Structures are given as C-alpha cells and as structure tokens.
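Only a predicted model underlies this, so the values are computations on that prediction, with no experimental measurement involved.
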Amino acid sequence: MGLTLDFGTPVNTALLVYILYSVQRIIFPSTSKPTTIPNEFKAGYSWMPKSHPPTVLYKTYTPKSLEPFSGKDGGRILLAIDGIVFDVTAGRNFYGPDGMYGNFAGRDASRGMAKQSFDLEMLTPIDQPLDKLDDLKSDEVENMKGWIEHFSNKYIICGKLVENGQA
C-alpha cells in the first residue's frame, strides 16, 4: 500500500493549504514591529490601582462606638451579628441610610437577622446592655448562624462587639 494524496475535492485542497499556512505562521512568526502604539498604553501603563482601598483594622466596638458607622454622609457602614462586626460598606444599597436594611447600620442586628424582621423594636438601644438572645428559638438561632455565614463569605469581618465600657 502506497501513500497517495488525493486533492480530488476542493475542500481537501483548501484544508491542506490552511494547515500549511498555519504551520508556517507558527514556525516563522512575523518579526515586523507594530506601526502604532495601542491607545491604552500611550500614557504608560501601571498595575498600581488609582487609589489604595482603605485599610481595615480589626477593632473592638461597643454599641456606642459602632453607632457612628451607619453610612450617613457616605461613611463606612458596619453592623454586628452575634458579637461579630462586619464592614458592609460594599452593600451600601442594602445597608446604607436609604437601604431596606438601613436600620441595622451601625447597630447590633442579631435579633433582627434571627427573626428576619427589620422593625426598629428588634434593635437594642445603644445605651443598654447587649441583647443576650436567650429567648430565641432554635430555628431562629440557626437563621442567625446562616446570616453570619453569608456575611462572612461576602463582607470583611472588622471587629467584635462588646458591652459599653469594655472596649
């Protein structure tokens, strides 16, 4: 049996020419320099971001020291769940002053998250002791843990919440 090349069909001929051309381009690539510089590099290129994101330090907060972080005037937004403080500034549309969860901003949101209620009576006044959450049912505790897991995966943990006078 001998090897025979059959160029009988135009498709076979076109494929062979394309394959030979592709192999030639790989083995002998073009060495000519581009005639124009791409527009995005005219002013130079840097991998550095335009500004460094704000540094977040892990801190201890009290209800009184957490309260200013409610997102008013474009500031940071923090909230606490079960003693864990989250920086939810990235979710300003939800947790900012006009967001549907805005009343949790700068506050301990544990009871509200557990009961899935956004009512103001879910919030403990900032000058009172932290809510011990002793009366929560097991499904409400599980619900709160689900929110903690969700927030832990989405937002930065930036501190812990302790009683007033302990920070």
Side-chain angles (χ1 to χ4, degrees), residues 1-59 61 66 69-119 122 133 136-161:
M1 278 171 102
L3 178 66
T4 60
L5 296 175
D6 181 13
F7 296 108
T9 64
V11 173
N12 286 348
T13 305
L15 284 174
L16 179 65
V17 169
Y18 175 74
I19 290 169
L20 290 174
Y21 173 76
S22 298
V23 168
Q24 179 264 330
R25 296 278 299 176
I26 292 169
I27 294 174
F28 305 108
S30 172
T31 57
S32 64
K33 293 187 177 183
T35 57
T36 59
I37 297 173
N39 289 340
E40 59 269 20
F41 300 117
K42 279 200 172 155
Y45 187 78
S46 170
W47 286 98
M48 297 296 290
K50 286 184 176 36
S51 65
H52 191 281
T55 302
V56 177
L57 297 176
Y58 188 89
K59 289 177 54 178
Y61 294 90
L66 186 65
F69 296 98
S70 61
K72 291 181 176 71
D73 301 322
R76 285 176 62 205
I77 305 170
L78 307 182
L79 65 79
I81 305 175
D82 199 25
I84 304 169
V85 179
F86 296 94
D87 185 334
V88 296
T89 307
R92 181 173 299 280
N93 292 342
F94 296 108
Y95 304 102
D98 299 324
M100 62 187 287
Y101 309 108
N103 58 340
F104 291 153
R107 302 295 294 272
D108 180 6
S110 304
R111 180 169 294 276
M113 292 296 190
K115 293 187 170 277
Q116 294 190 352
S117 171
F118 313 122
D119 296 336
M122 292 290 122
L133 308 169
L136 293 180
K137 299 182 194 114
S138 63
D139 62 322
E140 293 170 334
V141 171
E142 288 304 311
N143 192 32
M144 181 177 64
K145 288 179 181 175
W147 279 107
I148 292 170
E149 184 177 345
H150 171 73
F151 275 64
S152 297
N153 290 327
K154 190 169 185 176
Y155 300 111
I156 296 169
I157 296 174
C158 63
K160 66 179 179 177
L161 186 66

Salt bridge (charged side-chain N to carboxylate O under 4.0 Å, His left out) contacts touching [range] (sequence neighbours left out):
| range | value |
| --- | --- |
| residues 144-159 | Glu142-Lys145 |
| residues 103-113 | Arg111-Asp131, Arg111-Asp135 |
| residues 74-100 | Arg76-Asp87 |

Residues in side chain to side chain donor-acceptor pair (under 3.5 Å) with Asn93, at least two apart?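 None.
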By side chain to side chain donor-acceptor pair (under 3.5 Å), which residues pair with Ser117, not counting sequence neighbours?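 Expected list: Asp119.
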Distance-only check: which donor-acceptor pairs under 3.5 Å involve side-chain atoms of residues 14-26, not counting sequence neighbours?
from, atom 1, to, atom 2, distance (Å)
Ser22, OG, Tyr18, O, 3.0

From [X] atom [atom1] to [Y] atom [atom2], the distance as rounded to the nearest 0.5 Å:
| X | Y | atom1 | atom2 | result |
| --- | --- | --- | --- | --- |
| Phe94 | Ile77 | CZ | CD1 | 11.5 Å |
| His150 | Phe86 | NE2 | CZ | 10.0 Å |
| Tyr95 | Phe104 | OH | CZ | 9.0 Å |
| Ser110 | Leu136 | OG | CG | 8.5 Å |

Non-hydrogen atoms of [X] and [Y] that approach each other most closely:
| X | Y | answer |
| --- | --- | --- |
| Ala105 | Ser70 | CB-O, 3.5 Å |
| Tyr155 | Ala90 | CE2-CB, 4.3 Å |
| Leu66 | Leu78 | CD1-CB, 3.6 Å |
| Ser152 | Ile157 | OG-CD1, 3.9 Å |

If we only count heavy atoms from C-beta on, is the Leu79 to Phe151 side-chain gap below 4.5 Å?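 Yes. Closest side-chain heavy atoms under 4.5 Å.
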Measure from the side-chain N and O atoms of Asn143 to the backbone N and O of Lys115, and report whether any donor-acceptor pair falls under 3.5 Å.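 No; judged by distance alone, with no hydrogens or angles, the pair does not exist.
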